[in-house]
Trainee: 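Below you will find the structure I want to go over with you.
Each chain gets a letter, A, B and so on, in the order the sequences are listed, and its residues count up from 1.
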Amino acid sequence: MIDRQEFRRSFDEMGAALARRGIDTIDPDGPWGRARALDVRQRELKSQAEALQAERNRVSKLIGQKKSNGEDASAELAVMGEVSRQVKALESQAKEAEAAFNAVLMEIPNPLHESVPNGASEDDNVELRRWGVPREDEVPPHWDIGADLGILDFEAGATLAGSRFTVLKGAAARLERALMQFMLNTHVDEHGYEEVWVPAIVNRKTMTGTGQLPKFEDDLYKLEGEDAFLIPTAEVPVTNLYQDQILNAEILPIRHCAYTPCFRREAGSAGRDVRGMIRQHQFDKVELVHLTTTERALSDLETLTGHAEAILQALKLPYRLIELCGADVGFSAQKTYDLEVWLPSQQCYREISSCSSFGQFQGRRAGIRYREEGGKPQPVATLNGSGLAIGRCLVAILENGWQSDGSVMIPEVLRPYMGGMQQIV
RNA sequence: GGAAGGGUGGCAGAGCGGCUGAAUGCACCGGUCUUGAAAACCGGCGAAGGUAACACUUCCGUGGGUUCAAAUCCCACCCCUUCCGCCA
């Protein structure tokens with residue numbers, strides 16, 4: 001959520017940062033224009049209500065004093081009936097107006113950080129660097145590699161659950177588990193993260209805190225008969241671990257890593273990546289989450305991204321780092337780097353990690369604040385990034401490790417987790 | 001699912017119609033004392049809006065109601081704890 005004070009003080013500057021996302025900030029009936037109008041109305045009604053509340057409180061106190069002194073208070077009581085009715089009416093109007101203002105605010109995305117490049121679509125994302133040497137020989141798609149080896153079963157996934165579900169067997173199942181272990185161990189032992197294990201079902205409030213709700217309910221799996229949802233990413237429960245808390249500044253930065261399954265309806269991506277396991281309704285991911293100060297947010301984003309890169313490097317998977325342009329940065333983020341891994345069958349790089357700084361946006365929404373010694377509470381800055389998406393990582397290993405005899409070389413760092421297995425045959 | 005108890009400031013915990021934004025203790029901050037520390041003593045110490053600063057307003061799980069006045073009374077809901085049932 002954007003800051004109300006800043007919204008009033010810097011309406012035009014904020015609007016400009018939002019316009020870079022392609023949002024209409026000129027139209028008075030658009031969200032930006034409506035927010036302004038609703039704020040004015042909300043504040044008017046609130047100050048009217050408050051003035052009358054003050055009167056009510058003053059006279060009520062007087063009545064109490066008179067009564068306890070045995071004096072007559074009937075004159076005051078006579079007028080207060082009406083005053084009280086008016087207070088109630090104004091209170092509920094003010095409440096409604098504030099709720100309306102809030103509802104609009106909740107649907108306004110995070111203004112972009114000034115360093116984010118302009119752009120009209122994902123085609124304008126900026127490549128920052130590449131690592132590793134992509135193989136350019138012909139490699140079959142992972143679904144063929146996996147089917148030939150008998151370790152990926154897409155038909156079984158479809159039978160059990162539908163499209164975009166896959167069953168892993170044998171070496172693939174173990175590889176999935178090995179990747180999870182390797183990633184978590186690396187982040188805990190080498191990067192200093194504290195591991196957490198969290199629920200994969202959360203309530204509406206939690207989902208709202210990180211920004212998935214109210215705007216993106218269609219992307220989520222909702223539980224029948226309950227106001228609860230399957231998480232689309234560990235970001236949601238892990239960040240919200242601290243919802244409505246005031247933290248001591250000394251404990252920042254907080255760095256958590258977590259494995260969770262992730263569930264996405266992929267409502268808007270019909271027809272994209274329908275084959276294989278690039279885009280699944282359920283997938284595994286190890287996530288990195290930082291809670292830090294606003295001053296540190298941007299430099300911590302570099303650190304976090306580096307931790308995700310370290311995994312790719314250890315697995316010796318070629319990748320590139322891109323910075324998302326204004327049109328492509330997600331709703332809650334102020335700045336985002338994507339890591340894209342080389343997929344030889346497609347001869348292109350595909351997203352395998354997304355690392356974002358959210359500034360105070362989520363901290364404000366989720367009520368996560370911190371206090372410097374003697375200072376006032378202020379929202380924490382949050383960051384998160386995949387470290388990494390496990391299913392896509394498995395795909396990359398199958399394709400990059402594929403050999404012309406049909407076998408797949410297992411990256412060295414994973415072999416201890418694979419019972420010493422060097423290749424999948 | 002059934003029964004009972006309970007949700008109050010960073011924590012613990014009183015209050016159960018007006019003098020209560022809230023006793024008390026702990027924690028924390030400042031001071032006195034001390035070579036220093038501890039102890040003791042004195043003072044301060046919730047959040048949000050609002051203001052130049054005050055004033056003022058709101059907040060005692062959430063929502064509604066009664067009343068001139070609600071943390072306190074009434075209704076509904078949510079959550080937690082314990083016991084029983086069920087169960088990995």
Trainee: Ring centres of A:Phe331 and A:Phe361 under 6.0 Å apart?
Mentor: yes
Trainee: Figure out the CD/P separation between A:Gln86 and B:A69, and round it to whole Å.
Mentor: 13 Å
Trainee: For the residue pair A:Leu324 and A:Val116, establish whether any side-chain heavy-atom pair is separated by less than 4.5 Å.
Mentor: no
Trainee: With the sugar-phosphate defined as primed atoms, P, OP1 and OP2, and the base as all remaining atoms, what B/S/- string results for nucleotides 44-63 of chain B, 5' to 3', for protein heavy atoms under 4.0 Å?
Mentor: --SSSBS-----SBS-----
Trainee: How are the rings of A:His290 and A:Tyr193 set to each other: parallel, tilted or perpendicular (split at 30° and 60°)?
Mentor: tilted
Trainee: Taking only the P atom of each, what is the distance from B:G46 to B:C41 in whole angstrom?
Mentor: 22 Å
Trainee: Using a 3.5 Å distance criterion without hydrogens, assess whether the side chain of A:Arg264 forms a donor-acceptor pair with backbone atoms of A:Pro232.
Mentor: yes
Trainee: Going by an N to O cut-off under 4.0 Å, is there a salt bridge joining A:Lys205 and A:Asp244?
Mentor: yes
Trainee: Please give the distance between the P atoms of B:C45 and B:A22 as a whole number of Å.
Mentor: 10 Å
Trainee: Is A:Ser84 close enough to B:U67 that one of its side-chain N or O atoms is under 4.0 Å from OP1 or OP2 there?
Mentor: no
Trainee: State, with a plain yes or no, whether a side-chain heavy atom of A:Arg255 is found less than 4.5 Å away from one of A:His191.
Mentor: no
Trainee: Whole angstroms only, please: what is the CG-P distance between A:Leu62 and B:C19?
Mentor: 13 Å
Trainee: Between B:U66 and B:U81, how far apart are the two C1' atoms, rounded to whole Å?
Mentor: 31 Å
Trainee: Which is more 5' along RNA chain B, the nucleotide nearest A:Gly64 or the one nearest A:Gly81? Just name the residue.
Mentor: A:Gly64
Trainee: As a check on the pairing definition, encode RNA chain B in dot-bracket form, counting Watson-Crick and G-U wobble pairs whose two distances are under 3.5 Å, and using | for partners outside this strand.
Mentor: ((((((((.[[[..)..(.....]]].(((((.......))))).((((......)))).[[[[[..)....]]]]])))))))....
Trainee: Return the value, rounded to whole Å, for the distance between atom CG of A:Asn203 and atom C1' of B:C78.
Mentor: 10 Å
Trainee: Taking the same atom, P, in B:G65 and in B:G15, what whole-Å distance lies between them?
Mentor: 29 Å
Trainee: I'd like to check the salt bridge (Lys or Arg N to Asp or Glu O under 4.0 Å) partners of A:Glu235; sequence neighbours left out, ordered by chain and number.
Mentor: none
Trainee: Tell me the interatomic distance from A:Leu77, atom CG, to B:C68, atom C1', rounded to whole angstroms.
Mentor: 5 Å
Trainee: Starting from C1' on B:C19, measure out to CG on A:Asn69 and report it in whole angstrom.
Mentor: 11 Å
Trainee: Determine the interatomic distance between P on B:U8 and the same-named atom on B:A3; round to the nearest Å.
Mentor: 24 Å
Trainee: Is the closest basic N to carboxylate O distance between A:Glu76 and A:Lys67 below 4.0 Å?
Mentor: no
Trainee: Find the distance A:Glu250:CD to B:C28:C1' and express it as a whole number of Å.
Mentor: 11 Å
Trainee: Could you check how far CG of A:Asp72 sits from C1' of B:C68, rounded to whole Å?
Mentor: 13 Å
Trainee: Quote, to the nearest angstrom, the C1' distance that separates B:G43 from B:C59.
Mentor: 27 Å
Trainee: Quantified in whole Å, what is the C1' atom distance between nucleotide B:G17 and nucleotide B:C74?
Mentor: 13 Å
Trainee: Taking the P atom of each, how far is B:C77 from B:G2, in whole Å?
Mentor: 12 Å
Trainee: Rounding to a whole Å, what distance do you find between A:Asp227:CG and B:C77:P?
Mentor: 16 Å
Trainee: Is A:Arg164 paired with A:Glu266 through a side-chain N to carboxylate O contact shorter than 4.0 Å?
Mentor: no
Trainee: Could you tell me if the side chain of A:Leu220 sits less than 4.5 Å from the side chain of A:Leu230, heavy atoms only?
Mentor: no
